[in-house]
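The next block holds one structure in the form of structure tokens; read it before the comments.
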Number of protein chains: 2
Amino acid sequence: MTASPTRDALVDAARDLFAERGYERTTLSQVAGAAGVLTGSLYHFFPSKSKLLEAVLESYLGGLDPLVMAPAFARSDDPVEQVFEVLADYRGRVLSTNFAYRCPIGSLALEIANEDDRACRLVDANFSAWKAAIRSRFELARKRFTKDVDTDALAALALTVMEGAVMQAAVQRSIEPFDLSISQFRNYVNSLMKKGSPI
Amino acid sequence: MTASPTRDALVDAARDLFAERGYERTTLSQVAGAAGVLTGSLYHFFPSKSKLLEAVLESYLGGLDPLVMAPAFARSDDPVEQVFEVLADYRGRVLSTNFAYRCPIGSLALEIANEDDRACRLVDANFSAWKAAIRSRFELARKRFTKDVDTDALAALALTVMEGAVMQAAVQRSIEPFDLSISQFRNYVNSLMKKGSPI
DNA sequence: GTCTATAGGCCGATAGAC
DNA sequence: GTCTATCGGCCTATAGAC
């Protein structure tokens, strides 16, 4: 809401700590400390830990297009390939964190489901926006599919595959299950496309 | 290890509470209370909360075949259909819990990753056993696939799809993203099989 | 093996000076 | 808006009687 450097620093710190350690394990004094203030100041901006979580989820929503989609889309002119560039970026996050990466939205989703309705709705908004961005790519490629493709279902599967693949890579501390899953998804998308217009 | 009614009750209670509320949100007095004892007794069997978590994950491992795979496998003689019966059971859990169901192993995976090495390895063991059971079904159907199918990759994708689909259903409080994802997975598996031997 | 009782610490949140 | 100081509570874990 308000543009305040302290507020921004608090949200940034909370976002990083929630992603690294989870919501419940992160204490407000850790958040305040990482932002360079004390908890008294934190409560000036956020009346509760839960409201801070909502601000973090809103920040993810705002960062989706500029930080997740746009950089991947920029690396290819082929809309279908753009989808796989997004997935390739997740692969890069898994590797660059030495398999510590977990999707922060997915992790929060499972941690707070049935506990925090407002936050859950914001997770839903993040998922919906993610799928809408991916779906738009498949829509652009509609002419190259052999049949009428359900781009809604394809986008849901893309998110499903990303979440499941990232989760398995983290547990196994190996990129193998990620690559196996994505390669199968690619096979499937290829199977839907006319020959001569491979991805 | 030791067969003790109290110990069993503690593990059962912990399993249910961890699944419902997560590991961090569950307190040991809740676990003890649900098992009908006090925390002093809990510490007779488990020297720490982390060791109780390990016992829970071992109990999931022991329950995988009799509770997850066998009932689904029993409903069909077709090994490929058996895979989809397993997924259908997850669908049933999502619906019967009014969308509160989240895969307890996947939830623990994301909650404890990078926090508890021993527990993480047990999550890995659960995932590996799940994939091995599914892979064995695809192996039994090997003759019906058109090409040499990578059953390892297919099993990894099956777990990926289950985890991602269950997660989305919980967030969206709707079965739609689950069904969309599974229907796409079924399309893919069908596309790998010889015509005249559909699932 | 189960109990009572409690240690010791950290947490979310608040009050109020500046 | 940021600080100091602290409340009240709950947590994991322990000690020791029975």
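The sequence lines fix the lettering, A, B, ..., with proteins before strands; numbering per chain opens at 1.
- Residue B:Ser41 has its side chain nearest to C:dT2 when only D:dC3, D:dC11, C:dT2 are considered.
- With salt bridges taken as basic N to acidic carboxylate O contacts below 4.0 Å, one links B:Arg186 and B:Glu81.
- The local environment of CZ in A:Arg142 is crowded, with over 12 non-hydrogen atoms from other residues, nucleotides or ligands closer than 6.0 Å.
- A:Lys131 places no side-chain N or O within 3.5 Å of a backbone atom of A:Leu157 that could act as its donor or acceptor partner.
- In this entry the distance linking CZ of A:Phe46 with P of C:dT14 reads 15 Å, nearest Å.
- Between the side chains of B:Ser29 and B:Thr27, at least one donor-acceptor pair of N or O atoms lies under 3.5 Å.
- Proximity of A:His44 to the phosphate of D:dT2: no side-chain N or O atom is located under 4.0 Å from OP1 or OP2.
- With C:dT14, D:dT12, D:dC3 as the candidates, the nucleotide lying closest to the side chain of A:Tyr43 is C:dT14.
- Listed nucleotides C:dT2, C:dT14, D:dT4 differ in distance to A:Leu38; the shortest reach to its side chain belongs to D:dT4.
- Between the side chain of A:Ser59 and the backbone N or O of A:Ala55, no donor-acceptor pair lies under 3.5 Å.
- For the OP1/OP2 pair of D:dA13 and a distance below 4.0 Å, the side-chain nitrogens and oxygens of B:Thr39 include no atom meeting the criterion.
- Contact check on B:Arg91 versus B:Asp179 returns a salt bridge, with a Lys/Arg side-chain nitrogen under 4.0 Å from an Asp/Glu carboxylate oxygen.
- Across residues 47-56 of chain A, A:Ser48, A:Lys49 each have a non-hydrogen atom less than 4.0 Å from an atom of DNA chain C (numbered order).
- Straight-line distance from the CZ atom of A:Phe45 to the C1' atom of C:dA13: 17 Å, rounded to whole Å.
- Within residues 16-28 of chain A, the residues that have a heavy atom under 4.0 Å from DNA chain C are, in order of number, A:Thr26, A:Thr27, A:Leu28.
- The residues A:Arg75 and A:Asp89 are annotated as salt-bridged, a charged nitrogen and a carboxylate oxygen being separated by less than 4.0 angstrom.
- Ion pairing between A:Asp8 and A:Arg15 fails under the 4.0 Å rule for side-chain N and carboxylate O.
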